[in-house]
Structures are given as structure tokens and as C-alpha cells.
Amino acid sequence: MDKLLSPDTGMMFWTITTFLILVVLLKRYAWGPLLKAIAEREAGLKADVAAARSARDQAQSIRDELAAQAAGAESRRQELLSQAAKEGEAIMSRLRETAEKDARQMRDKAWSELAREKERLLRELRGEVAGISFLAAEKLLRRNVDSAVEKRVLEDFLQELDKGGDK
């Protein structure tokens, strides 16, 4: 135990020299590559974290963009539905107006045909009444009436008939 307490200079020299050589060798072949690998690993982790943040931010912006597009699509859908409803109402209105116009035209045409038929029947009736009246008058006046008087009486009768028919 006595040797442990008394220093031997030769042994100290070789111990320190061996320690320093070991430190230089470890620094050159072990710590340098080890520290370099740790620095590379740290840089890789920082790059991965930055890439993850970038991906998260990009995903968030895509999510926001999709939400905005969904809202835009919903508003566009509402707009299209509103426009389709307005167009449907316009078409219904045009169809209704066309149907009413056609009905008016058919009614007017029917009234006009009825008026023409009425006029035709009145003319026929007047002609027959005039013919019957003429025959009756001829039988009554067959005795000495000349044709000029006969014609004048007939014309007066037809004029009176026309005046009475217009009322």
C-alpha cells in the first residue's frame, strides 16, 4: 500500500502519455464521427420537424380551401335552385298566359261564328218572310195591281223588316 502513496514519475509520465494518446485517438476516430453523426441526426430531426410543420400547415390550408369550396358549392347550389324555381315560375306563367290567350281566341272565334250564323239565319228568315208576305200580298192583290206598285210595296216591307231586325 505504500507504493500507492508514493508517486513514481516514470509511471506517471507513461500513464499521462497513454491517456493523452488515447484521448487524441478517441477524438479523432470516435468522438469526431460520433459528434458528426449526432449533428447530422439533429439536423435531420430539425428538417423532419420543419417538414412536418410545413405538411401540417399545408394540410390546414387545404382543409380551409376545401371548406371554402364546400361553402361556395352550397351557395351555388342554392343559387341554382333559386334560379330554377324562378325559371319554372316564368314558364308556368308563360304557359298560363298562352292558354288564356288561346281560350280567348277560341271564345272570340266562337262568338264571331255565332254572330255570322245569326246574320245568315236572319237573312234567310227575312227572305222567307218576304217570300211568304209576297205570296200573301200577291193573292190579295192579284186583281189589278201592276208590277211597279207590287215592287214598291215589297221594298217598303223589306225596309221595315230590316229596321225592325236591327233593333
Side-chain angles (χ1 to χ4, degrees), residues 27 29-167:
K27 183 177 179 186
Y29 295 107
W31 289 337
L34 188 61
L35 290 176
K36 185 179 176 185
I38 288 173
E40 288 174 359
R41 175 82 173 140
E42 183 181 357
L45 288 174
K46 285 181 181 179
D48 289 346
V49 167
R53 283 184 183 148
S54 172
R56 184 187 69 213
D57 292 344
Q58 188 177 15
Q60 181 65 34
S61 69
I62 289 172
R63 187 179 314 126
D64 294 343
E65 184 179 327
L66 287 176
Q69 286 178 355
E74 177 64 24
S75 68
R76 179 70 177 147
R77 183 185 70 84
Q78 290 293 336
E79 182 181 317
L80 288 175
L81 285 175
S82 173
Q83 183 179 2
K86 287 178 184 175
E87 288 176 0
E89 289 175 7
I91 289 171
M92 287 296 291
S93 175
R94 282 194 306 257
L95 288 174
R96 189 176 302 117
E97 289 174 4
T98 303
E100 288 173 357
K101 179 182 172 188
D102 290 346
R104 274 193 307 272
Q105 286 176 346
M106 289 173 68
R107 186 184 65 229
D108 293 345
K109 184 178 178 182
W111 280 111
S112 134
E113 287 178 13
L114 283 174
R116 281 193 303 261
E117 186 66 17
K118 178 183 172 185
E119 288 296 321
R120 184 186 65 79
L121 289 175
L122 283 175
R123 279 193 308 269
E124 285 180 14
L125 182 62
R126 284 182 190 144
E128 287 194 28
V129 166
I132 292 172
S133 299
F134 182 73
L135 287 175
E138 183 181 347
K139 284 184 181 182
L140 289 175
L141 298 175
R142 194 176 285 269
R143 294 197 181 155
N144 277 352
V145 177
D146 67 76
S147 66
V149 172
E150 201 175 283
K151 191 173 188 181
R152 194 183 74 212
V153 167
L154 181 61
E155 285 175 2
D156 288 343
F157 176 74
L158 287 176
Q159 284 178 358
E160 286 178 21
L161 190 61
D162 280 339
K163 288 179 186 175
D166 287 341
K167 292 180 184 176

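To the nearest 0.5 Å, the span separating CG on Leu81 from CD on Gln78 amounts to 6.0 Å. Rounded to the nearest 0.5 angstrom, Lys27 NZ and Leu34 CG are separated by 13.5 Å. To the nearest 0.5 Å, atoms CZ (Arg41) and CG (Asp48) are separated by 8.0 Å. Once rounded to the nearest 0.5 Å, the distance linking CG of Leu121 with CG of Leu114 reads 10.5 Å. Between atom OG1 of residue Thr98 and atom CD1 of residue Ile91 there is a gap of 11.5 Å, rounded to the nearest 0.5 Å. Rounding to the nearest 0.5 Å places CD of Glu128 at 13.5 Å from CZ of Arg123.
Looking only at side-chain heavy atoms (C-beta outward), Arg77 and Leu80 stay at 4.5 Å or farther from each other.
By the neighbour-count criterion of 12 heavy atoms within 6.0 Å, atom CZ of Arg120 is densely surrounded, having more than that number from other residues, nucleotides or ligands.
Between Glu100 and Arg96 there is no salt bridge, since none of the side-chain N atoms of the basic residue sits less than 4.0 Å from a carboxylate O of the acidic one. Under a 4.0 Å N-O distance rule, the pair Arg94/Glu97 does not qualify as a salt bridge. Here Glu89 does not pair with Lys86 in a salt bridge; the nearest charged N to carboxylate O distance is not below 4.0 Å.
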